[in-house]
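Since the structure comes first, as structure tokens, the remarks are kept for the end.
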Amino acid sequence: MSVKFHIAFAESATIKGGLAIQLKLSGDAAAAGASVADPQNVATRAAGIAKFKGKAMKTLDIIAPQGSPADRLVVIGLGKGDDLTDYDWLRAGGVAAASVKGMTSVTIFLDAPGLSVNASQAAGFGLGMLLRAYSFDAYKTKKNDDEDGSPKQVEVTIVTADPQAARTAFAGSEAIAGGVILARDLVNLPPNVLGPVEFADKAKELQALGVEVDILTEKEMKKLGMGALLGVAQGSPRPPRLAVMQWKGGKGKEAPIAFVGKGVVFDSGGISIKPGAGMEDMKGDMGGAAAVAGLMHVLAARKAKVNVVGILGLVENMPDGNAQRPGDIVTSMSGQTIEIINTDAEGRLVLADALWYCNDRFKPRFMINLATLTGAITVALGSAHAGLFCNDDALATHLAAAGEATGEKLWRMPLGKEYDKLIDSKFADMKNTGGRLGGSITAAQFLKRFVGDTAWAHLDIAGTALNSPSSEINQSWGSGYGVRLLDELVRSHYED
Ligand code: BES
Ligand code: MN
Ligand code: ZN
């Protein structure tokens, strides 16, 4: 069911019907219902009967609690509560959102016995609610909600000690939610609707937030010598685009930080065509570009004090009489030549020119690229971690820490000359695949040949951006992975 939450913060609230939500730590047996929501301690009794102990993210749901002004009372467990991460507060908010069901008025009491919740945790809780509420139903013509299909409006009051501070922090949460939802929408959209040009138009819309956006056409890319990116695009009647976004929130002269996204709007494999089963998932092969667009949204919406460049390589990879062939040799913008072994290893070709262009034009402090680059990374890491490849230990450490804080986790993978030599080619400077073994590493080595000495990280998000397992804060196929991770990175290390 699609809902829209209007979230307000208050120091106290009087419940007049509706849903009341409170939190509970485990091991605090007597205190399940000791709050204004439950003057007669119905919850304590119910918890005893249901054997509800307050384990993390478990709920106790009481309908028409006797003696309470609430129509329903939900208690959310937080576990022991001594090592709650920022991500746990999002999850708790997600659980709260899932508990709302048909109610239209919700009052949430964050403080509980043994638990005093600060403003940023309260804002995180609200963010978790917004993220959980997302559902992609633009193409469902039969709405099972209200007759008109518009989302149900739900009034939420979060009761917390310092509502003013929570409100300020929550403005940042709303910026983040906007960016994550943008990324999810882009990944979920069908490939007939979202081509390279349409994606570039979505990037243009960020101008409304103060982002400068240039869209490079095929002609301009030809002039720049982007033979690697253009070779991928040539099999599709839909022309490629390179979206160049700039957010100038930092000091005038400060070099920017840069994010580059793989935006293959559909990856059929090209002439090295993929098997049919599951090919529809390749509409999500622009998850890297979606995350970069989402991040730019967040940074602009919260007016981040930093100079940022975001670049999207937007192409479609299709088989065609004019498509690139295995055996072709293309010349990248860097001047390096590439022998095409497999036209399905197209993401690295797109990124080769996008990374080189980014480095050449902007001289950034670092570049981070995000890409649904290899099936091999899903074999190695599943969907719980994205692969992290990095030539700079400090940047890798910052990224991994941001992953732990946000729950968008990263696992560092190796780089090395043993892997690099696997992509040397008999006929050109390099080839675009390095064989079956270590497939995500040789893909990373390929990218590394286009970043010079600039600090750089490659996040292989093939296992995390699409086909995502449901979580407390996401029920959507496209997760929006990377937006919260990189916002956290920027916020904690790179703002003035
Ligand atoms: N877009 C795919 C990788 C992918 C796989 C993304 C599954 C999301 C889910 C990429 O372009 C690709 O086809 N990679 C090949 C590389 C191979 C031909 C060297 C792969 O991983 O099989
Ligand atoms: Mn491919
Ligand atoms: Zn691909």
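Residue numbers run from 1 in the order of the sequence given. Just so you know, ligand 1 is whichever comes first in the structure, and atom 1 is the first atom listed for that ligand.
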| request: Report the distance from atom CZ of Arg449 to atom CG of Leu355, rounding to the nearest 0.5 Å. | output: 14.5 Å

| request: Flag the pair Lys248 and Glu212 as a salt bridge only when some basic side-chain nitrogen lies within less than 4.0 angstrom of an acidic carboxylate oxygen. | output: yes

| Going from CG on Asn369 to CG on Asp460, what distance comes out if it is rounded to the nearest 0.5 angstrom? | 9.0 Å

| task | Would you mind listing every salt bridge (charged side-chain N to carboxylate O under 4.0 Å, His left out) that reaches into residues 326-340, with sequence neighbours excluded? | result | Arg325-Asp328

Quick one: table the atom pairs, ligand 1 N or O against protein N or O, below 3.5 Å, distance rounded to 0.1 Å.
from	atom 1	to	atom 2	distance (Å)
ligand 1	1 (N)	Lys262	NZ	3.3
ligand 1	1 (N)	Asp267	OD2	3.2
ligand 1	1 (N)	Asp285	OD1	2.8
ligand 1	1 (N)	Asp285	OD2	2.9
ligand 1	1 (N)	Thr372	O	3.4
ligand 1	11 (O)	Lys262	NZ	3.2
ligand 1	11 (O)	Asp267	OD2	2.9
ligand 1	11 (O)	Asp344	O	3.1
ligand 1	11 (O)	Glu346	OE1	2.8
ligand 1	11 (O)	Glu346	OE2	3.0
ligand 1	13 (O)	Lys274	NZ	2.8
ligand 1	13 (O)	Asp344	O	3.0
ligand 1	13 (O)	Asp344	OD1	2.8
ligand 1	13 (O)	Asp344	OD2	3.1
ligand 1	21 (O)	Gly375	N	2.7

| task | Would you please test Tyr134 and Asn188 for side-chain hydrogen bond (donor to acceptor under 3.5 Å, both in side chains) and show each step? | result | CA-CA 12 Å; Tyr134 174 85; Asn188 287 327; 3.1 Å; yes

| task | Could you label the plane-to-plane angle of the Tyr139 and Phe136 rings as parallel, tilted or perpendicular, counting under 30° as parallel and over 60° as perpendicular? | result | tilted

| query | Below 4.5 Å, heavy atoms only, C-beta onward: do Met286 and Val187 meet side chain to side chain? | reply | yes

| note | Rounded to the nearest 0.5 angstrom, the CD-NZ distance for Glu346 and Lys262 is 4.0 Å

| Sidechain N-carboxylate O distance under 4.0 Å for Arg484, Glu408 | yes

| Under 2.8 Å from the Mn ion (ligand 2), the protein N, O or S atoms, given as residue and atom | Asp267 OD2, Asp344 O, Asp344 OD1, Glu346 OE1

| task | Tell me, with the steps shown, if Asn474 and Ser479 meet side-chain hydrogen bond (donor to acceptor under 3.5 Å, both in side chains). | result | CA-CA 6 Å; Asn474 182 48; Ser479 61; 5.1 Å; no

| query | Excluding waters, which protein N, O or S atoms are within less than 2.8 Å of the Zn ion (ligand 3)? | reply | Lys262 NZ, Asp267 OD2, Asp285 OD2, Glu346 OE2

| said: Using only atom types and a distance under 3.5 Å, with no angle test, would you say the side chain of Thr433 pairs donor to acceptor with the backbone of Ile341? | reply: no

| message | Against the six-membered ring of Trp477, is Lys283 placed for a cation-pi contact (under 6.0 Å from the centre, within 45° of the normal)? | response | yes

| Would you find a donor on one side and an acceptor on the other, under 3.5 Å apart, between the side chain of Thr343 and the backbone of Ile271? | yes

